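Throughout, numbering of the chain's residues begins at 1 and tracks the sequence. Because the structure is a prediction, the values reported are computed rather than measured.
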Amino acid sequence: MTDIPRRAVSRTAKLAALPLGFAGRTVLGMGKRVTGLASDVISAEIQQRTAEQLFSVLGQLKGGAMKFGQAMSVFEAALPEEIAAPYRQALTKLQEAAPPLPVASVHKVLTEQLGPDWRDRFVSFDDTPSAAASIGQVHRAVWRDPGYGPAGAPQHRDVAVKIQYPGAGDALLSDLKQLSRLGGMLRAIQPGLDVKPLLAELRERITEELDYELEAESQRAFAAAYADDPDIYIPAVVAAAPRVLVTEWVEGTPLADIIREGTEEQRDEAGRLMAELHLSAPMRAGLLHADPHPGNFRLLPDGRLGVIDFGAVARMPEGTPEPIGRLAGLALRGEADAVVEGLRSEGFLSQTEPIDAQAVLDYLRPMLEPVAAEEFRFTRAWLRAEAARLASPRSPAYQLGRQLNLPPSYLLIHRVTLGSIGVLCQLEAKAPYRSILERWLPGFAPVA
């Protein structure tokens, strides 16, 4: 058996080893509890054991499995506390770490990508990875840079070296096929979010994310757009090859730590900065940062938000689509008929099927609560209540939601927005979100 088939069998075996029976029953219990249909759930001990094994395997698989797990992790704030608690620790670990590559493999990739004299380009290189991404791992190093710094100063700088896992492309495709079996976890949280388009979208972006030179191009565009910004810091790209990316090192507190043990002031400020980045980037950079899990962000000592991963971006040269802001404003002003007309024209509603315009407005207004007032505090309780309202067959919102469609052109924006809201609810962050929308979201007129 060659190495490639052996690795494929090993990966498939690991996925098959997931406790899918336990996971399936846990998801069923999760879905029932979210929708108010059951009074008991799988025992906490089984939930804990399932979570630990599930995310241990996902982390070992790296690739698509880890990416899918990270996508799920931002939704844990939507779950009832007794369900979310056993998963939170495993999810947080998945956001920040995975088993490292052997040192010899690291050196081999560096030789292939930066040349046999790669060591000469560094003053020092730490063989122990400092972090893991979905398709690679990050090492801290000191870059030898004669063109950097003032005359007479040491000509080097601290850098992060991201190294892609060998075989990451094949692994991603294999994992994404297998992971369709776990789609019930997302459906339990949001029934209207079909996992198949989500996986299809992830698959479409694999080629882009595997190309670190393309990621470098995106990062340079973000860095130029946010140069000298008082709120957002984008590290400079130092060097790039197809499977190695060298950027300036970002020293700061991981957002996962802020979520877990940050002060209220830190959590509020992190939420404001996240909203500023998410909403301003399409207008300022023509790009949307499309991977809003906490592992990609740091709160810097000077108070700025550091962003450290640009593998997943959406190209939006014309900015955020204007109908999003316009329809949100119409809904807040109570213009039900105009909202329905706009949703029909964008493909969210059928052109021919009759629908109750006031019911549509009643469906949308609670979602817009965060921007209905000058300030709003996102909380886990708010997100759980929304999840229950949208997921319970007893709820009018559930029935109306079945009439709504998500046009493909809005799928990525929808996923990133949901992910960002999940992080804001994990932070339980209070901020003037409406004014941020008024500044950056086209078509969103101030609400009287």
**Q** Side chain to side chain donor-acceptor pair (under 3.5 Å), that's the test. Do Gln137 and His139 meet it? Break it down for me.
**A** CA-CA 7 Å; Gln137 64 189 37; His139 293 254; 3.0 Å; yes
**Q** Are Phe297 and His289 an aromatic pair by the rule of ring centers under 6.0 Å?
**A**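 When the ring centroids of Phe297 and His289 are compared, they turn out to be within the sub-6.0 Å range.
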**Q** For the pair Asp229 and Arg304, find out whether any cationic side-chain nitrogen is under 4.0 Å from an anionic carboxylate oxygen.
**A**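 Answer for the salt bridge query: no.
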**Q** On a heavy-atom basis, which atom in Pro294 and which in Leu255 lie closest, and how many Å separate them?
**A**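 Residues Pro294 and Leu255, closest heavy atoms: O-CB, 3.5 Å.
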**Q** Take atom CG of Asp231 as the centre, draw a 6.0 Å sphere, and report whether it contains more than 12 heavy atoms from other residues, nucleotides or ligands.
**A**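 For Asp231, atom CG is crowded (more than 12 foreign heavy atoms under 6.0 Å).
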**Q** Whether Arg377 and Glu264 form a salt bridge (side-chain N of Lys/Arg under 4.0 Å from carboxylate O of Asp/Glu) is what I want to check.
**A**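 Here Glu264 pairs with Arg377 in a salt bridge, since their nearest N and O are under 4.0 Å apart.
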**Q** Side-chain donor-acceptor pair under 3.5 Å between Tyr212 and Gln219, yes or no?
**A**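 There is no such pair (donor and acceptor under 3.5 Å, judged by atom type) between the side chains of Tyr212 and Gln219.
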**Q** Quick one: sort the Phe348 and Tyr410 rings into parallel, tilted or perpendicular, breaks at 30° and 60°.
**A**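 If you compare the ring of Phe348 with that of Tyr410, the planes turn out tilted.
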**Q** Considering only NZ, NE, NH1 and NH2 on the basic side and carboxylate oxygens on the acidic side, decide whether Asp211 and Arg243 come within less than 4.0 Å.
**A**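 Looking at Asp211 and Arg243, the cut-off is not met.
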**Q** Does Tyr165 reach the main-chain N or O of Gly136 with its side chain, forming a donor-acceptor pair under 3.5 Å?
**A**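 Checking the backbone N and O of Gly136 against the side chain of Tyr165, a donor-acceptor pair under 3.5 Å is found.
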**Q** Would you say Arg267's side chain and Leu427's backbone share a donor-acceptor pair under 3.5 angstrom?
**A**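 Between the backbone of Leu427 and the side chain of Arg267 there is a qualifying donor-acceptor contact (under 3.5 Å).
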**Q** Could you check Gln403 against Ile355 for side-chain contact (heavy atoms from CB on, under 4.5 Å), going step by step and ending with a plain yes or no?
**A** CA-CA 9 Å; Gln403 296 181 260; Ile355 196 164; 4.0 Å; yes
**Q** Any idea which heavy atoms bring Leu361 and Ala336 closest together, and the distance?
**A**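 Heavy atoms of Leu361 and Ala336 come nearest at CD2-CB, 4.0 Å.
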**Q** Has the side chain of Arg284 got a donor or acceptor atom that lies under 3.5 Å from a matching backbone atom of Ala225?
**A**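 Looks like yes, one N/O pair under 3.5 Å.
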**Q** So does Pro235 get a backbone contact from the side chain of Thr247, meaning a donor-acceptor N/O pair under 3.5 Å?
**A**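 Looks like no, no N/O pair under 3.5 Å.
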**Q** Should Val237 and Val246 count as side-chain neighbours, where that means a heavy-atom distance under 4.5 Å?
**A**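 Contact flag for Val237/Val246 side chains = no.
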**Q** Does Lys430 form a salt bridge (Lys or Arg N to Asp or Glu O under 4.0 Å) with Glu269? I'd like the steps, not just the answer.
**A** CA-CA 8 Å; Lys430 180 180 181 181; Glu269 182 63 2; over 6 Å; no
**Q** Taking Asn296 for its side chain and Asp291 for its backbone only, find out whether a donor-acceptor pair lies under 3.5 Å.
**A**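 Yes.
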**Q** Under a 3.5 Å distance rule, please check whether Gln351 uses its side chain to pair with a backbone N or O of Arg344 as donor and acceptor.
**A**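 Yes, because the side chain of Gln351 sits within donor-acceptor range (under 3.5 Å) of the backbone of Arg344.
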**Q** When you measure from the side chain of Asn405 to the backbone N and O of Gly347, does any donor-acceptor pair fall under 3.5 Å?
**A**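 Yes; judged by distance alone, with no hydrogens or angles, the pair exists.
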**Q** Can you list the steps and then say if Arg384 with Thr379 is a side chain to side chain donor-acceptor pair (under 3.5 Å)?
**A** CA-CA 9 Å; Arg384 289 176 203 135; Thr379 65; over 6 Å; no
**Q** Walk me through it: do Ile232 and Val307 pass the test side-chain contact (heavy atoms from CB on, under 4.5 Å)?
**A** CA-CA 8 Å; Ile232 309 295; Val307 190; 4.2 Å; yes
**Q** Around atom CZ of Arg365, are there more than 12 heavy atoms of other residues, nucleotides or ligands at under 6.0 Å?
**A**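 Atom CZ in Arg365 is crowded, with more than 12 foreign heavy atoms closer than 6.0 Å.
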**Q** What do you reckon, is CD of Glu341 surrounded by more than 12 foreign heavy atoms closer than 6.0 Å?
**A**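 It does not: Glu341 CD has 12 such atoms or fewer within range.
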**Q** Yes or no on side-chain contact (heavy atoms from CB on, under 4.5 Å) for Phe378 and Val423, after CA distance, side-chain angles and deciding distance?
**A** CA-CA 9 Å; Phe378 281 97; Val423 175; over 6 Å; no
**Q** Output yes when Glu217 and Arg220 qualify as a salt bridge under the 4.0 Å nitrogen-oxygen rule, no when they do not.
**A**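 So Glu217 does not pair with Arg220 through a salt bridge.
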**Q** Quick one, Trp440 with His278, criterion side-chain contact (heavy atoms from CB on, under 4.5 Å). Give me CA distance, side-chain angles, the key distance, then yes/no.
**A** CA-CA 10 Å; Trp440 297 114; His278 173 67; over 6 Å; no
**Q** Is it true that, when you exclude Glu261 itself, more than 12 heavy atoms of the residues, nucleotides or ligands shown sit nearer than 6.0 Å to its CD?
**A**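 Yes, the 6.0 Å shell around CD holds more than 12 heavy atoms from other groups.
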**Q** Given side chain to side chain donor-acceptor pair (under 3.5 Å), test Tyr233 with Glu248 step by step and report yes or no.
**A** CA-CA 11 Å; Tyr233 171 69; Glu248 290 185 334; 3.2 Å; yes
**Q** Is the gap between the ring centers of Phe310 and Phe222 under 6.0 Å?
**A**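 Yes; Phe222 has its ring centre under 6.0 Å from that of Phe310.
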**Q** Please determine if Lys162 and Glu215 form a salt bridge, counting it only when a charged side-chain N lies under 4.0 Å from a carboxylate O.
**A**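 Salt bridge present between Lys162 and Glu215.
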**Q** Run the side chain to side chain donor-acceptor pair (under 3.5 Å) test on Tyr398 and Arg394 for me, step by step, so that the C-alpha distance in whole Å, both residues' side-chain angles and the decisive distance to 0.1 Å come before the verdict.
**A** CA-CA 7 Å; Tyr398 177 88; Arg394 300 172 182 171; over 6 Å; no
**Q** Could you tell me whether a side-chain N or O of Gln266 sits under 3.5 Å from a main-chain N or O of Thr263, the two making a donor and an acceptor?
**A**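 Here the side-chain-to-backbone pair exists.
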